[in-house]
Student: 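What follows is a single structure, and I will ask about it in a moment.
Just so we're clear, the structure is a prediction, and the values are computed from it rather than from any experiment.
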Amino acid sequence: MSQLAQLQSLFQAYVVGEQAGDGLLPAIINDQKVGAKVRLGVYHNAYRLRLIEVLSNTYPTLHTLLGDSLFNKSARSYIDTYPSSKPSIRWFGDQLSVHLGLTLPQHPIAAELAAFEWALGLAFDAEDTPILSLSDLATTPLDKWGDLKFRFQPSVQILHLQWNVLSVWHALNKNEAPPPITEINGECLIWRQYLDAQFRSLEPDEHQALQLLMAGASFGDLCEHLQQSMPEDEASMTAANLLVTWLNEELISASYAI
């Protein structure tokens, strides 16, 4: 290894915190104005400040909820535990929810809020796909509807929330005081529409119906599932109404027959 390559390797290891920078000190100007350790420390700190800035941009509402001091402390802890290892800095922060669940058990909503904000980012960045419309299904023969299956667009996610993350997120984004933290144990639907990440709560019945179709069940399977709790005609109407809602929200990218 050349002397330059060795210096570069030592410098990188020091900046990311893998080892001390003593081996670099002889190569750095050391005078009374600014010592070598201070000069080297500038890069060490600047790297962490940049990563903290990235986390703040990725998790702005979480930052607001925790405040500067606790957010920065948690961010530095995360940087030490999960060093940046991916070519794109976009993906730095993907384990923050897990990290907060372990390090901030006294603030359990923090981990869920991080998971929610990360999911919003995933929805925004998801691959573009065609959008299926109600008119696309208009020519489907009635006797074929039971066989139809649906492919959902890549941005669609269902997130389980134990705490009232959505109401807290809404309040903080309006610069209002968040409501008291309460337990809800519900599901949240997240997807992209009109170039923006969207989300809303899911009632248990819709959640089950959506999970069925996303897992590969047919429209006929959905109707049979609903018939377990309501008359056949009502089940068919409910299934149709749910499908219209999902089509209008642009959740579905394609349909296909068995």
Student: Taking the side chain from S97 and the backbone from A111, do they hold a donor-acceptor pair closer than 3.5 Å?
Tutor: yes
Student: Would you check if the side chain of N164 reaches a backbone N or O of P180 as a donor-acceptor pair within less than 3.5 Å?
Tutor: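 Checking the backbone N and O of P180 against the side chain of N164, a donor-acceptor pair under 3.5 Å is found.
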Student: Around E176, counting heavy atoms of other residues, nucleotides and ligands shown, do more than 12 lie under 6.0 Å from its CD?
Tutor: yes
Student: Taking only residues two or more places apart in sequence or in another chain, which ones pass side-chain contact (heavy atoms from CB on, under 4.5 Å) with A240?
Tutor: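 Not a single residue meets the side-chain contact (heavy atoms from CB on, under 4.5 Å) criterion with A240.
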Student: Determine whether more than 12 heavy atoms belonging to other residues, nucleotides or ligands lie under 6.0 Å from atom CG of L102.
Tutor: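 Correct, the count exceeds 12.
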Student: Provide the closest heavy-atom pair for L213 versus A217 in the form atom of the first, atom of the second, distance.
Tutor: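 Closest approach of L213 to A217: CD2-O, 3.3 Å.
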Student: Are V244 and L212 linked, directly or through intermediate hydrophobic residues, by side-chain heavy-atom contacts shorter than 4.5 Å (ILVMFWY only)?
Tutor: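 Both belong to a single hydrophobic cluster.
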Student: Is there a donor-acceptor contact under 3.5 Å from the side chain of Q157 to the main chain of A119?
Tutor: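 It does hold such a pair.
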Student: Any side-chain heavy atom of L166 within less than 4.5 Å of one from I184?
Tutor: no
Student: For a quick test of reading the model, state the closest non-hydrogen atom pair linking A126 to P154 and the distance between them.
Tutor: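 Looking at all heavy atoms of both residues, the shortest contact is CB-C, 4.0 Å.
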Student: Evaluate the side chain to side chain contact (heavy atoms under 4.5 Å, CB included) criterion for residues L137 and F150: first the C-alpha distance (whole Å), next the side-chain angles of each, then the deciding distance (0.1 Å), finally the verdict.
Tutor: CA-CA 11 Å; L137 298 174; F150 301 93; 4.1 Å; yes
Student: When you measure from the side chain of R192 to the backbone of A123, do you find a donor-acceptor pair of N or O atoms at a distance under 3.5 Å?
Tutor: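 Answer holds: yes.
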Student: Holding to side chain to side chain donor-acceptor pair (under 3.5 Å), I want the full list of residues that pass it with D221, two or more places apart in sequence or in another chain.
Tutor: S218
Student: Decide yes or no on side chain to side chain contact (heavy atoms under 4.5 Å, CB included) for L222 and L243, but give the supporting numbers first.
Tutor: CA-CA 10 Å; L222 175 58; L243 181 59; over 6 Å; no
Student: Within the side chain of S74, is there an N or O that forms a donor-acceptor pair under 3.5 Å with the backbone of L70?
Tutor: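 Pair found, side chain donor or acceptor close to backbone of L70.
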Student: Can you tell me how the ring of W118 sits relative to the ring of Y59, calling it parallel under 30°, perpendicular over 60° and tilted otherwise?
Tutor: parallel
Student: Would you mind reporting whether E249 and R200 have side-chain heavy atoms less than 4.5 Å apart?
Tutor: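 SC-SC contact between R200 and E249 confirmed.
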Student: Of all the heavy-atom pairs spanning H99 and T81, show the shortest one and how long it is.
Tutor: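 Where H99 meets T81 most closely, the heavy atoms are CE1-OG1, 3.5 Å.
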Student: Check whether any side-chain heavy atom of K86 lies under 4.5 Å from a side-chain heavy atom of D94, and answer yes or no.
Tutor: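 They are in side-chain contact.
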Student: Please indicate whether M230 has more than 12 foreign heavy atoms, meaning atoms of other residues, nucleotides or ligands, lying under 6.0 Å from its CE.
Tutor: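 Correct, the count exceeds 12.
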Student: Using atom types as modelled and distance alone, determine if a side-chain donor or acceptor of E187 lies under 3.5 Å from a backbone N or O of I158.
Tutor: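 Here the side-chain-to-backbone pair does not exist.
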Student: Just wondering, more than 12 heavy atoms not from D233 lying within 6.0 Å of its CG?
Tutor: no
Student: Check whether any side-chain N or O of E232 sits under 3.5 Å from a backbone N or O of C223 as a donor-acceptor pair, and report yes or no.
Tutor: no
Student: With clusters defined by side-chain heavy atoms of hydrophobic residues (ILVMFWY) lying less than 4.5 Å apart, directly or transitively, does L148 cluster with M214?
Tutor: yes
Student: Does the side chain of R76 come within less than 4.5 Å of L51's, by heavy atoms?
Tutor: no
Student: Could you tell me whether a side-chain N or O of E117 sits under 3.5 Å from a main-chain N or O of L62, the two making a donor and an acceptor?
Tutor: yes
Student: Does L210 belong to the same Ile/Leu/Val/Met/Phe/Trp/Tyr cluster as L161, with side-chain heavy atoms less than 4.5 Å apart forming each link?
Tutor: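 Looking at the clustering, L161 is in a separate group from L210.
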Student: Which heavy atom of A75 sits nearest a heavy atom of I52, and at what distance?
Tutor: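 Looking at all heavy atoms of both residues, the closest pair is CB-CG1, 3.9 Å.
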Student: Check each of L189, L120, I190 against L159 using the side chain to side chain contact (heavy atoms under 4.5 Å, CB included) test, and report the only one that passes.
Tutor: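 Of the listed residues L189, L120, I190, the side chain to side chain contact (heavy atoms under 4.5 Å, CB included) partner of L159 is I190.
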Student: Atom CD of E112 and atom NE2 of H160: how far apart are they, to the nearest 0.5 Å?
Tutor: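 Those atoms lie 6.5 Å apart.
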Student: Using every non-hydrogen atom in the two residues, find where Y47 and S84 come nearest and quote the distance to one decimal.
Tutor: OH-CB, 3.8 Å
Student: Hey, could you give me each pair passing side-chain hydrogen bond (donor to acceptor under 3.5 Å, both in side chains) that has a residue in residues 234-246? Not counting sequence neighbours.
Tutor: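 Of all non-adjacent pairs touching residues 234-246, those that pass side-chain hydrogen bond (donor to acceptor under 3.5 Å, both in side chains) are E206-W246.
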Student: Give a yes or no on whether the backbone of W145 and the side-chain of T140 come within a donor-acceptor separation of less than 3.5 Å.
Tutor: no
Student: Would you confirm whether R48, through its side chain, and I79, through its main-chain N or O, come within 3.5 Å as a donor-acceptor pair?
Tutor: no
Student: Looking at every non-hydrogen atom in both residues, tell me the closest pair between A110 and L100 and how far apart they are.
Tutor: O-CD1, 3.8 Å
Student: Check whether I252 and L134 end up in the same hydrophobic cluster, where Ile, Leu, Val, Met, Phe, Trp and Tyr are linked by side-chain heavy atoms less than 4.5 Å apart.
Tutor: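 Result: yes, single cluster for both.
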Student: Determine, step by step, whether W191 and F152 satisfy the ring-ring contact (aromatic ring centres under 6.0 Å, His included) criterion, reporting the C-alpha distance in whole Å, the side-chain angles of both residues, the deciding distance to 0.1 Å, and the verdict.
Tutor: CA-CA 10 Å; W191 76 104; F152 288 76; over 10 Å; no
Student: F71, V165: one ILVMFWY side-chain cluster at the under-4.5 Å cut-off?
Tutor: yes
